[in-house]
Amino acid sequence: MAVALAVTHGGGQYNGRMTWFVVLSCMMAAMGGVIFGYDIGISGGVTSMEPFLKKFFPEVYRKMKVDTKISNYCKFDSQLLTSFTSSLYIAGLVATFFASSVTKVFGRKPSILTGGAAFLAGSALGGAAFNVYMLIFGRILLGIGVGFANQSVPLYLSEMAPPRYRGAINNGFQFSIGIGALVANLINFGTEKIEGGWGWRISLAMAGVPASILTLGALFLPETPSSLIQSSSDHDKAKQLLQRVRGTTDVEAELEDLIKASSISKTIKHPFKKIIQRKYRPQLVMAIAIPFFQQVTGINVIAFYATLLFRTIGIGESASLLSSVVTGVIGAGSTFISMLIVDNFGRRALFMVGGIQMLISQILIGGIMATQLGDHGTVSQGYAYLIIILICIYVAGFGWSWGPLGWLVPSEIYQLEIRSAGQSITVAVSFIFTFIVAQTFLSMLCHLKAGIFFFFGGWVIVMTAFVYYLLPETKNVPIEQMENVWKEHWFWAGIVGEEDEKIKIQGV
């Protein structure tokens, strides 16, 4: 029997409560976030390790150690080096569209299992790499794993969670990403000190640990009630699972909505054509805009290249890795805070506060680097520490706003008939712009120098205004009733409302 963690909630919500069954299932599924975060942290760390650079990217190593004429901002400008990081995201982009079909037809569980297995293979190949091609092929396998996991895990979490706690449960995905990145930073800090220069192999191969947990755990995960109803006509089985998930026998209201949503979903043969219809215009805009904005916050500049950035301002190799550990702790901690407060304060409030916090810190970082760091030499120790503090403030702002909410909001706004397609678009857009940012950042840093922070700060202004004017509040709204928030919004009501009127007229 499921153990209750919270009292049954009312207020027009479904019957049910948070149960250990939900918590344990979601903890296992969220390991998909850990593998993503681990990869982000590891790739940023090993690219600052001198033995790794010397073996795979000797030109970058030479510029860093020997070339005294090159600008501080251009020492790490290498398309091959950025290809090591960004190749994962091209693979993930392609994989997520295959994952969409697997998730829709076979369920969320097979997608999670596929993602874990591919990531496990990629980690083994990366740890054993003896040339850059083997290294990048391993990254491609990692990308396939991340593509499947990022497509299916947020959906799994949103569908399993009770509406009242959906924000906290789904934010667990970003929290898992933060934990993965933190663990990676700690491992990098330790392996950098290994004599013989092969510590990077341990860093890359250790990605197999969370991948193994995810792969094995996925074998024991239950499907979500939504997926069971969507893939079979055995409603009794779905009802039994729903009763177990919600910790109550009174699940008729939720089951009825799930069956209704599934009936509509089964009439849709081409969900990607369906989602471009006018009635789904708000969801399509959010599916594209939110992951785009999440990437142009500049967070992946910090996530991928924090250690290189720290080295740019004159901090040593070991200290740079330690600084990344500190930012990792801040990121994970702030995301945990978001988990605790998102269902009380709502999505919009956290978006606004985080946006303002990120903007101020980016302006200050850019200003300090513009005035204190020239093309040669370093900043003073005091300013270096100040930059690290400001980066921590920036990471905290992202950690309780665009980090978790960038995954939460898209995963909860889609009707069942477009849910898999919508999530695939979200993940695809995320991968496209993660790839673009990862591939171009070092070149942009070389050309824009400190102005790179003003560039990303400008986008933070745009995205904060976007949320203020165009994103309705979605806290505590059951997924099956989410379409109503658009009909009540000052802007979107005019779009989806007109479509409803057309349908009524045609029906008459």
Side-chain angles (χ1 to χ4, degrees), residues 6 8-18 22 154-171 224-230 235 238-239 241-243 245-246 248 250-268 271 274-275 277-287 290 342-344 346-348 405 407-423 426 470-501 503-504:
T8 304
H9 52 79
Q13 301 290 334
Y14 298 133
N15 291 319
R17 55 200 176 207
M18 184 70 75
V22 171
L155 288 184
Y156 187 93
L157 297 176
S158 287
E159 291 179 349
M160 288 292 280
R164 184 179 177 184
Y165 303 104
R166 188 176 60 246
I169 290 289
N170 199 285
N171 277 12
T224 68
S226 294
S227 183
L228 278 180
I229 293 172
Q230 190 177 26
H235 294 169
K239 181 178 180 179
L241 175 60
L242 193 59
Q243 290 174 338
V245 166
R246 298 293 179 245
T248 178
D250 186 8
V251 294
E252 295 299 330
E254 184 172 3
L255 181 66
E256 183 178 338
D257 279 349
L258 289 175
I259 293 173
K260 180 180 178 181
S262 178
S263 298
I264 296 173
S265 173
K266 289 177 179 178
T267 65
I268 308 302
K274 189 73 175 178
I275 199 173
Q277 293 180 0
R278 185 184 180 93
K279 69 175 293 187
Y280 302 111
R281 191 64 47 79
Q283 293 91 327
L284 180 61
V285 169
M286 296 301 161
I290 289 178
V342 66
D343 289 313
N344 292 321
R347 284 62 161 150
R348 283 168 49 85
L405 302 185
W407 292 107
L408 167 60
V409 173
S411 73
E412 68 182 358
I413 62 174
Y414 306 124
Q415 289 97 307
L416 185 59
E417 65 266 24
I418 60 165
R419 191 169 298 161
S420 183
Q423 184 67 10
T426 297
L470 296 179
L471 181 68
E473 183 55 65
T474 56
K475 72 171 183 177
N476 296 341
V477 180
I479 292 180
E480 286 69 35
Q481 300 173 18
M482 192 66 70
E483 61 182 299
N484 295 327
V485 302
W486 310 109
K487 297 177 182 178
E488 298 168 0
H489 188 265
W490 72 272
F491 178 79
W492 297 116
I495 295 176
V496 298
E498 290 179 10
E499 183 69 14
D500 285 345
E501 287 298 321
I503 293 173
K504 289 180 181 178

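Atom set for the values below is all heavy atoms of this structure, side chains included, hydrogens, waters and symmetry mates excluded.
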### Task
Measure the spacing between CD of Q230 and CZ of R419 and express it to the nearest 0.5 Å.
8.0 Å
### Query
Under the salt bridge (charged side-chain N to carboxylate O under 4.0 Å, His left out) test, which residues partner R348, sequence neighbours left out?
none
### Query
Can any side-chain N or O of R166 pair as donor or acceptor with the backbone N or O of V477 at less than 3.5 Å?
yes
### Task
Please tell me if the side chains of V496 and R281 come closer than 4.5 Å, counting only heavy atoms from C-beta onward.
no
### Query
Are side-chain heavy atoms of I259 and E256 found at a separation under 4.5 Å?
no
### Query
K274 and Y280: which non-hydrogen atoms are nearest, and at how many Å?
O-CD1, 3.1 Å
### Query
Taking all non-hydrogen atoms of both residues, which atom of G422 and which atom of I275 are closest, and how far apart?
CA-CD1, 3.6 Å
### Charged N-O contact under 4.0 Å between K279 and E483
no
### Message
Nearest 0.5 angstrom please: L258 CG to L242 CG, how far?
### Response
6.0 Å
### Contact check, side chains of Q283 and M482, non-hydrogen atoms, under 4.5 Å
no
### Task
Would you tell me whether S227 and Y156 have side-chain atoms, one donor and one acceptor, within less than 3.5 Å of each other?
no
### Query
Considering all heavy atoms of both residues, which atom of D257 and which atom of Q481 are nearest to each other, and what is their separation?
OD2-NE2, 3.6 Å
#### Entry: More than 12 heavy atoms from other groups under 6.0 Å of CD on E473
yes
### Message
Testing the basics here: between W492 and L470, what is the closest heavy-atom pair and its distance to 0.1 Å?
### Response
NE1-O, 2.8 Å
### Query
Are L255 and I229 side-chain neighbours, meaning at least one heavy-atom pair lies under 4.5 Å?
yes
### Message
Just so I know, are the side chains of P472 and E488 near enough to count as touching, which here means a heavy-atom distance under 4.5 Å?
### Response
no
#### Entry: Intermediate values then yes/no, side-chain contact (heavy atoms from CB on, under 4.5 Å), M160 and V245
CA-CA 7 Å; M160 288 292 280; V245 166; 3.9 Å; yes
## Note on the structure
Here the gap from Y414 atom OH to S158 atom OG, rounded to the nearest 0.5 Å, amounts to 10.5 Å
### Message
Restricting to side-chain hydrogen bond (donor to acceptor under 3.5 Å, both in side chains), what partner residues turn up for N344, sequence neighbours left out?
### Response
none
### Atom of A161, atom of V22 and distance for their closest heavy-atom approach
CA-CG1, 4.5 Å
### Summary
d(M286 CE, I290 CD1) to nearest 0.5 Å is 5.5 Å
### Message
Measuring only between side-chain heavy atoms, which start at C-beta, is T248 closer than 4.5 Å to Q243?
### Response
no
### Task
Would you mind reporting whether Q415 and I479 have side-chain heavy atoms less than 4.5 Å apart?
no
## Note on the structure
Minimal heavy-atom distance between G167 and V342, with the atoms involved, is C-CG1, 3.4 Å
### Separation of H489 NE2 from I495 CD1 (nearest 0.5 Å)
10.5 Å
### Message
What verdict does the salt bridge (charged side-chain N to carboxylate O under 4.0 Å, His left out) test give for E254 and R246, after you've listed the backbone C-alpha separation in whole Å, the side-chain angles of each residue and the deciding distance to 0.1 Å?
### Response
CA-CA 10 Å; E254 184 172 3; R246 298 293 179 245; 2.9 Å; yes
#### Entry: OH on Y165 to CG on N171, rounded to 0.5 Å
15.0 Å
### Any side-chain donor near an acceptor of the partner, T474 and E412, under 3.5 Å
yes
#### Entry: S411 and L157, any side-chain heavy atoms less than 4.5 Å apart
no
